[in-house]
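First the structure, in the form of structure tokens, and then the observations on it.
To find a chain, count down the sequence lines: A is the first, B the second, and so on, and within it residues start at 1.
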Amino acid sequence: NAGVMQNPRHLVRRRGQEARLRCSPMKGHSHVYWYRQLPEEGLKFMVYLQKENIIDESGMPKERFSAEFPKEGPSILRIQQVVRGDSAAYFCASSPVRPRGRWANTGELFFGEGSRLTVL
Amino acid sequence: TQLLEQSPQFLSIQEGENLTVYCNSSSVFSSLQWYRQEPGEGPVLLVTVVTGGEVKKLKRLTFQFGDARKDSSLHITAAQPGDTGLYLCAGDSDYKLSFGAGTTVTVRA
């Protein structure tokens, strides 16, 4: 399967614990996006990363959330000290296109199947 | 508040009927994409529209991009049960996609 791989598919955490969500982009893709989806709210942009760089984290909560995309290995979305409001589906998407300029097209995003976080 | 407003939120129709989903915004986008998402899966791209006024057809699906590049519509002709799913529009601006809340379409056999 050469698609975007996310794991775990389901994760249950108690309040105060840490959640780590992993995303391996499609082969040859060096751009990764993380989105959060709540019922009836659509997909909310969180962060856009390229290898070893955070390009745009304007959608990430200032506290407890962090993301990385190292030179080797998957992209990781880390949520520290989880609260019930963090329960959601977290989707990773990858793209081979490098946007150039504000009006450049992002191009097609290839989404993984998501990681569903439940905080008890 | 949503950057992109989709309507209706839910749509339930009988097989063979037509349907239209709308995506509206006060913002201008360099392009607009439509995705379809099935339960438990990630969204899958259906089409990208780039030029104001553009119309694209994909079998029974017709996509239109408004002249001002702020709105779009998706029209499905003779809907089939296999068209059931969550339809999401996404506006492209500042090298990221902003998604609408989606329209849940149910086609009854």
Side-chain angles (χ1 to χ4, degrees), chain A residues 1 3-7 9-10 21 23-26 31-50 53-60 67 89-116, chain B residues 1-11 21-25 27-52 54 56 58 63 65 69-70 85-105:
Chain A
N1 186 344
V4 177
M5 302 300 292
Q6 289 189 248
N7 68 83
R9 291 292 309 277
H10 300 275
L21 310 178
C23 169
S24 295
M26 286 183 70
H31 306 272
V32 166
Y33 299 77
W34 284 93
Y35 284 83
R36 177 164 63 178
Q37 187 173 40
L38 292 166
E40 300 178 15
E41 288 191 18
L43 289 154
K44 299 286 191 187
F45 169 79
M46 298 182 74
V47 62
Y48 163 40
L49 310 106
Q50 294 177 19
N53 287 302
I54 297 175
I55 307 302
D56 184 340
E57 57 181 348
S58 58
M60 287 266 279
Y90 292 84
F91 286 93
C92 168
S94 72
S95 168
V97 176
R98 179 187 173 88
R100 296 182 185 277
R102 184 170 188 267
W103 296 106
N105 293 332
T106 299
E108 178 179 1
L109 294 188
F110 294 82
F111 282 85
E113 294 184 314
S115 292
R116 281 147 187 85
Chain B
T1 56
Q2 293 282 148
L3 189 62
L4 285 157
E5 297 289 338
Q6 284 190 244
S7 61
Q9 188 176 359
F10 299 96
L11 194 55
V21 175
Y22 298 94
C23 176
N24 296 294
S25 177
S27 300
V28 176
F29 298 103
S30 59
S31 69
L32 198 139
Q33 300 181 9
W34 284 92
Y35 288 78
R36 187 174 124 194
Q37 184 180 18
E38 306 217 9
E41 298 182 8
V44 176
L45 181 70
L46 294 173
V47 79
T48 301
V49 285
V50 178
T51 307
E54 181 178 2
K56 275 192 175 178
L58 194 69
F63 303 86
F65 200 13
R69 308 213 313 267
K70 293 182 180 181
L86 176 66
Y87 289 82
L88 296 158
C89 66
D92 193 345
S93 179
D94 290 334
Y95 49 78
K96 60 180 178 282
L97 293 182
S98 299
F99 283 82
T103 295
T104 300
V105 172

## Note on the structure
A:E113 meets the salt bridge (Lys or Arg N to Asp or Glu O under 4.0 Å) criterion, sequence neighbours left out, with A:R9
#### Entry: Distance-minimising heavy-atom pair for B:G42 and A:F91
CA-CE2, 3.5 Å
### Task
Find the one option among B:S98, B:G102, B:G40 whose heavy-atom pairs under 4.5 Å with chain A are most numerous.
B:G40
### Message
Is B:Q37 close to chain A through its backbone or its side chain, or both, or neither, when contacts mean heavy atoms under 4.5 Å?
### Response
side chain
#### Entry: NZ or CZ of B:K96 within 45° of A:F45 ring axis and under 6.0 Å
yes
### Task
Measure distances from A:Y35 to the heavy atoms of chain B and classify the residue's part below 4.5 Å as side chain, backbone, both or neither.
side chain
### Task
With a 4.5 angstrom heavy-atom cut-off, could you sort out which part of A:Q6 is near chain B: side chain, backbone, both or neither?
neither
### Query
Under the 3.5 angstrom rule, does the side chain of B:Y35 hit a backbone N or O of A:L109 as a donor-acceptor pair?
yes
### Query
Looking at residues at least two apart in the chain, or sitting in another chain, which of them share a salt bridge (Lys or Arg N to Asp or Glu O under 4.0 Å) with A:R116?
none
